[in-house]
Amino acid sequence: MKYKLLVIDVDGTLLNDQKQITPHTKSAILKAQQMGVHIVLASGRPTGGILPLAKELELNNYGGYVISYNGAQIIEMQTGNLLFEKRINPELIPYLDKKAKKNGFTIFTYFENSLITDCADDPYVQQEANLNNMHIRQVSNFPNAIDFEPCKCILASDNEKELVGLENHWKKKLAGVADVFRSEDYFLEVVPPTVDKGNTLALLMEMLKLTREEVIAIGDGITDVPILQLAGLGVAMGNARDSVKVCASTTTLTNEQDGVAVAIEKAILSAIRPAEVPLDQLNARGKHALMGNLGIQYTYASEDRVEATMPVDERTRQPFGILHGGATLALAETVAGLGSMLIVQPDEIVVGMQVSGNHISSAHEGDTVRAVATIFHKGRSSHVWNVDVFTSTDRLVSSIRVVNSVMKKR
């Protein structure tokens, strides 16, 4: 496949306006991962505010990554390892606090699962804490409370003009010491020097030995522009500002219209050919599912034929040592399910509807059976597969009919 890494912004991109991942978007991301594409969630949120979303999308099972604090950290989800981190010199905090107080701005930062501020009643502080499910830690003296190196500090205000003025001043004053930018009309962020999503993504790409042409990025905000320009395919959300859209290769629908799912289906899923399906990766990741528990391994896949093997052992045999009929049916549904998934349209999903089988002979413990699924009927709303299961000596064990229902994603 052409693309190996998919980088997705969170707020305004992955999430709809209710801060939810829709079923359509989740399905598209899971399918892309099953096809061997690694997912990166890249956000200005603190790490703790992204991890629940990453786990909901199973990035920990499929080798995904999190870029947090607008690029100050990289987390490898499969191991939980911190691959990269850059922090602000705490000696800068008194100066930032002084400027915030002088302009009447609220200042806050993050530590573990807490948001630290001396203005706990500020509506933007409360909004940020709720968004990331963080506890607000009220302090009387902000600089004294920051006895650690923060990944970033944020100044908040309704006075956009004053925020812009301070931003322009700090871009010169703090050059080489810290970078500043407005992530929202009401937020002025201070991060370590050279930290942005693009620079951190470039570092991750170097770690993974990936080229630009193997990367897709999707985003909606000003802070997403560096990743949209770095990726071989930069996709702006339909709800992005025009200044962001002009920096992207193409535009998808809005976050309220499942724009991420539509972009994935168009750029990744529609381009997948059965011969390119990474069976080794599907097998490795299947260990978390039923097929892994039964020892099922895919061995071949094409548009009209899928094959897999399954051992006859303590997981799949009856008490008296022969292959269990239920395990045989599970094997048949597994191969037929992959077969249907490979041939449906990107905006369609497959659900098992019926399975029936004739068990003709037995396979004994210690053997390995082989399932061969061939499509019998490929309709608009249903697929019918014939699955024959053989012993290692090619003796027919079972002949099974599997019916899959094909439905549009919602």
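- A distance of 11.5 Å separates CG of L163 from CD of E184, quoted to the nearest 0.5 Å.
- Residue M407 holds its CE atom at 10.5 Å from OG of S381, rounded to the nearest 0.5 Å.
- When only modelled atom types and interatomic distance are considered, N132 and E128 share a side-chain donor-acceptor pair under 3.5 Å.
- Atom CD of E91 sits in a sparse spot, with 12 or fewer heavy atoms from other residues, nucleotides or ligands closer than 6.0 Å.
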Verdict with supporting geometry, V260 and T252, side chain to side chain contact (heavy atoms under 4.5 Å, CB included): CA-CA 7 Å; V260 167; T252 185; over 6 Å; no
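- Side-chain contact between R137 and E112: absent, with no pair of heavy atoms (C-beta onward) separated by less than 4.5 Å.
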Test log, rule side chain to side chain contact (heavy atoms under 4.5 Å, CB included), inputs L82 and I75: CA-CA 5 Å; L82 181 66; I75 308 295; 3.3 Å; yes
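- Formation of a donor-acceptor pair under 3.5 Å by the Q33 side chain with backbone atoms of L57 is found in this model.
- Checked by atom type and distance alone, the side chain of R212 pairs as donor or acceptor with a backbone atom of Q229 at under 3.5 Å.
- For M291 against N283, the heavy-atom pair with the smallest separation is CE-OD1, 3.8 Å.
- Side-chain N or O atoms of E189 include none that pairs as donor or acceptor with a backbone N or O of S183 at under 3.5 Å.
- From I21, atom CD1 reaches atom CG of L14 across 4.5 Å, with rounding to the nearest 0.5 Å.
- The distance from the CD atom of E348 to the CZ atom of R380 is 10.0 Å, given to the nearest 0.5 Å.
- Counting only N and O atoms by type, the side chains of T194 and K86 include a donor and acceptor under 3.5 Å apart.
- By the 4.5 Å heavy-atom criterion applied to side chains, V139 and T117 are not counted as neighbours.
- Salt bridge K101/D118: present, at least one basic N to carboxylate O contact under 4.0 Å.
- Under a cut-off of 6.0 angstrom, the local environment of CZ in F376 is sparse, with at most 12 non-hydrogen atoms contributed by other residues, nucleotides or ligands.
- By the 30° and 60° cut-offs, the orientation of the rings of Y95 relative to W170 is tilted.
- Residue K171 places its NZ atom among more than 12 non-hydrogen atoms of other residues, nucleotides or ligands, all under 6.0 Å distant.
- Distance alone, capped at 3.5 Å, is enough to place a donor-acceptor pair between the K152 side chain and the G44 backbone.
- Y65 places a side-chain heavy atom less than 4.5 Å from the side chain of E76.
- Listed by first then second residue, pairs satisfying salt bridge (charged side-chain N to carboxylate O under 4.0 Å, His left out) with a partner in residues 192-204 read D9-K197, K197-D224, not counting sequence neighbours.
- A donor-acceptor pair under 3.5 Å is absent between the side-chain atoms of T251 and the main chain of G238, judged by distance alone.
- The only member of K161, K172, K173, R182 that meets salt bridge (charged side-chain N to carboxylate O under 4.0 Å, His left out) when paired with E167 is R182.
- Within the 4.5 Å cutoff, the side chain of L323 has no heavy atoms near those of the H359 side chain.
- The local environment of CG in N81 is crowded, with over 12 non-hydrogen atoms from other residues, nucleotides or ligands closer than 6.0 Å.
- Atom NZ of K266 is surrounded by 12 or fewer heavy atoms from other residues, nucleotides or ligands within 6.0 Å.
- Minimum heavy-atom separation, G352 to N404: CA-OD1, 3.5 Å.
- A donor-acceptor contact closer than 3.5 angstrom links the side chains of E265 and H24.
- The backbone N or O of S399 lies less than 3.5 Å from no partner atom in the side chain of D388, so there is not a single donor-acceptor pair.
- Side-chain contact check for P226 versus N199: every heavy-atom pair is 4.5 Å or farther apart.
- The two atoms that bring V195 and N70 nearest to each other are CG1-O, 3.7 Å, heavy atoms only.
- Listed by chain and number, the residues in a ring pair (Phe, Tyr, Trp, His ring centres under 6.0 Å) with Y186 are Y124 (sequence neighbours excluded).
- Taking the side chain as every heavy atom from C-beta outward, V244 and D220 never approach each other to under 4.5 Å.
- Here the closest non-hydrogen pair linking F105 and L155 is CD1-CD2, 3.8 Å.
- Judged as a salt bridge (charged side-chain N to carboxylate O under 4.0 Å, His left out), the pairs with a partner in residues 40-58 (not counting sequence neighbours) are, in order, D11-R45.
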Test side chain to side chain contact (heavy atoms under 4.5 Å, CB included) applied to D394 and R370, step by step: CA-CA 8 Å; D394 286 334; R370 176 173 60 97; 2.9 Å; yes
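- In this structure, V406 and S340 have side chains that are not in contact, with every pair of non-hydrogen atoms separated by 4.5 Å or more.
- Between the side chain of N239 and the backbone N or O of N255, at least one donor-acceptor pair lies under 3.5 Å.
- Between the side chain of H377 and the main chain of V384, no donor-acceptor pair closer than 3.5 Å is present.
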Candidate pair T200 and I74, rule side chain to side chain contact (heavy atoms under 4.5 Å, CB included), full reasoning: CA-CA 8 Å; T200 304; I74 302 176; 3.3 Å; yes
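- Considering every non-hydrogen atom in both M237 and L253, the closest pair reads CE-O, 3.5 Å.
- A donor-acceptor pair under 3.5 Å links the side-chain atoms of D122 to the main chain of V125, judged by distance alone.
- With values rounded to the nearest 0.5 angstrom, L6 atom CG is found 5.0 Å from I218 atom CD1.
- The two residues L174 and L92 have their closest heavy-atom pair at CD2-CD1, 4.0 Å.
- For the pair L41/M77, no side-chain contact is recorded, criterion being any heavy-atom separation below 4.5 Å from C-beta on.
- Judged by distance alone, the side chain of S114 and the main-chain N or O of Y110 form no donor-acceptor pair under 3.5 Å.
- One distance of note links CG of D304 with CH2 of W385; it measures 7.0 Å at 0.5 Å rounding.
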